[in-house]
Amino acid sequence: MISPEKKMDLLLSLCKRRGFIYPDSDIYGGFANAWDYGPYGIELKNNIRDAWWKRFVHAREDVVGVDTPIIQHPKVWEASGHLATFSDPLVEDKKTHKRYRLDHLLEAQGVDVSGMSFEQMAAKANEAGLKSPDGNVLAEPKQFNLMFKTFVGVSEDTAATAYLRPETAAGMFTAWKDIRDTMRKKLPFGIAQVGKAFRNEITPGNFIFRTREFEQMEIEYFVKPDQSPAMFEMWLGEMKRWVEDVLKLDPSHVVYKEIPEADRAFYSARTIDVEYHYPFGQKELYGLANRTDYDLSRHQEFSGEDLRWFDEESRERFIPHVIEPTWGLSRTVLAVLCEHLDIDEAETSEEGEKEPRMVLRLPARLAPVKAAVLPLQKKDGLADLGKELAQKIRAAGLVVEYDESGSIGKRYRRQDEIGTPLCFTVDYQSKEDGTVTVRDRDAMTQERVKMDDVVAFIQSKIQ
Ligand code: ATP
């Protein structure tokens with residue numbers, strides 16, 4: 001067992017040392033809360049995204065994909081309510097000018113802020129004489145809008161003001177009319193999108209947990225109003241199965257928190273936050289909401305377009321209701337890394353001496369590298385045989401590494417740290433009978449398989 005504090009330190013150093021995640025703009029001293037996904041990090045992220053798309057778009061008859069711009073018509077954010085209300089309560093330390101989230105400071109003082117309005121929080125801070133964490137006086141709280149502003153075109157006047165999307169969802173609503181009219185779907189059906197979202201977070205942090213730029217995987221699922229409770233349950237089940245069957249998170253590390261009415265957005269009929277036991281605390285991973293007819297009604301009102309659905313059977317027109325399951329992709333990467341980082345012991349010598357080994361027990365289909373080929377020696381034709389085997393695996397579309405340098409123990413350790421599920425070792429017997437040993441990352445067992453069967457062997461393990 002690794003202690004939670006140690007786990008984050010180990011994870012950060014492993015991510016940098018092994019090419020998963022680096023501090024961004026490192027050559028300029030880094031840029032706070034910005035991170036680069038390195039060669040293995042991007043493979044892991046893409047594998048999660050692809051597994052999600054396969055499961056929720058390709059494998060379903062009732063979901064179609066879309067890809068909409070990061071900068072949309074500014075009216076979108078008026079209609080969605082983001083311009084008016086997408087803000088966090090901000091306070092500034094008058095002396096240091098450091099900025100904090102008022103709700104976070106109050107929570108740290110033991111105040112339960114659930115259901116509190118901005119005004120109530122401001123009054124509470126005043127009444128309690130709330131100070132900054134450095135003990136200084138705080139300025140009057142302000143509502144701080146989290147959307148990044150930019151300018152479209154050549155002039156920087158207000159007419160040209162546009163926003164970077166703070167969530168991918170809006171694109172599904174603006175594309176709703178075209179998809180409704182062209183895709184010949186029947187209710188209930190959903191629109192899925194994966195992409196970047198941007199929020200000018202007051203207090204980002206905890207590695208990639210809260211950043212200003214992150215990725216989301218979202219579905220807007222359109223239903224007849226009376227179907228919404230059942231469809232909410234259906235998506236809750238889907239989210240649970242995703243977490244357990246694909247990410248292999250221990251169910252005891254995941255909490256499905258029913259959000260009481262006072263804490264929900266006013267239009268939401270039901271919200272569940274899916275929280276994960278990160279090493280730094282139990283925090284949001286995903287969300288599921290019944291958004292009723294709020295979004296389409298607002299876009300209908302602001303655009304003047306008829307966004308209703310025509311039901312052939314009842315001959316009625318109505319605004320569909322929406323169930324919205326949302327998955328943070330960046331937070332999934334973090335949860336998967338936290339969950340599967342482990343330390344156990346491995347034998348380091350023939351005599352059975354043991355030393356601690358760090359291992360990422362990633363589910364095989366998510367692992368950045370599926371197999372490594374390691375010749376026992378470079379000489380006597382073992383290297384050539386190994387390169388040939390690696391090429392065969394590569395040609396089958398599987399990510400493979402060929403590594404001939406350093407002791408075999410060190411090479412295994414390196415693959416364990418990047419989560420490679422299978423290592424194939426080419427030895428002298430390989431030359432005689434065409435077999436190699438395969439070492440399983442988790443069981444650390446070794447068995448011999450025919451080189452001709454290696455591709456099928458890997459494929460059977462990554463289903
Ligand atoms: P939080 O309470 O943590 O700020 P939220 O409730 O504002 O999150 P949503 O608006 O529901 O989050 O966004 C949907 C999902 O997007 C979240 O469940 C999370 O996975 C992800 N997400 C939101 N903000 C960030 C961020 N700053 N960095 C990384 N992922 C994020």
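Counting starts at 1 for both ligands and their atoms, in listed order. Please read all numbers here as calculations on a predicted model, not as lab measurements.
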Distance to the ring centre below 6.0 angstrom and angle to the axis at most 45 degrees; does that hold for [X] and [Y]?
{"X": "K75", "Y": "F302", "result": "no"}
{"X": "R212", "Y": "F31", "result": "yes"}
{"X": "K283", "Y": "Y276", "result": "no"}

Top protein contact for [atom], by heavy-atom distance:
{"atom": "atom 22 (N) of ligand 1", "answer": "F214 CE1, 3.5 Å"}
{"atom": "atom 17 (C) of ligand 1", "answer": "E284 OE2, 3.3 Å"}
{"atom": "atom 19 (C) of ligand 1", "answer": "R331 NH1, 3.5 Å"}
{"atom": "atom 7 (O) of ligand 1", "answer": "R199 NH1, 3.0 Å"}
{"atom": "atom 1 (P) of ligand 1", "answer": "R210 NH1, 3.6 Å"}

Does ligand 1 have any atom sitting under 4.0 Å from a heavy atom of E167?
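Heavy atoms of E167 never come under 4.0 Å of ligand 1.
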Within 6.0 angstrom of K124 NZ, more than 12 heavy atoms from elsewhere
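Atom NZ in K124 is not crowded, with 12 or fewer foreign heavy atoms closer than 6.0 Å.
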Considering only heavy atoms of F209, which atoms of ligand 1 have at least one such atom less than 4.0 Å away?
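Atoms satisfying the 4.0 Å criterion: 28 (N), 29 (C), 30 (N).
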Heavy-atom contacts with L285 under 4.0 Å: which atoms of ligand 1 show up? List them by number with element.
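In order of numbering, the contacting atoms are 18 (O), 19 (C), 20 (O).
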Show the atom names and distances, to 0.1 Å, of all donor-acceptor pairs under 3.5 Å that link a side chain in residues 187-199 to residues at least two apart or in another chain.
residue, atom, partner, partner atom, Å
Q193, OE1, T68, N, 2.6
Q193, OE1, T68, OG1, 3.1
Q193, NE2, T68, OG1, 3.1
Q193, NE2, T168, O, 3.0
K196, NZ, E213, OE2, 2.8
R199, NE, P166, O, 2.9
R199, NH2, P166, O, 3.2

Would you please say whether a donor-acceptor pair under 3.5 Å links the side chains of S252 and D250?
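The criterion, which ignores hydrogens and geometry beyond distance, is satisfied for D250 and S252.
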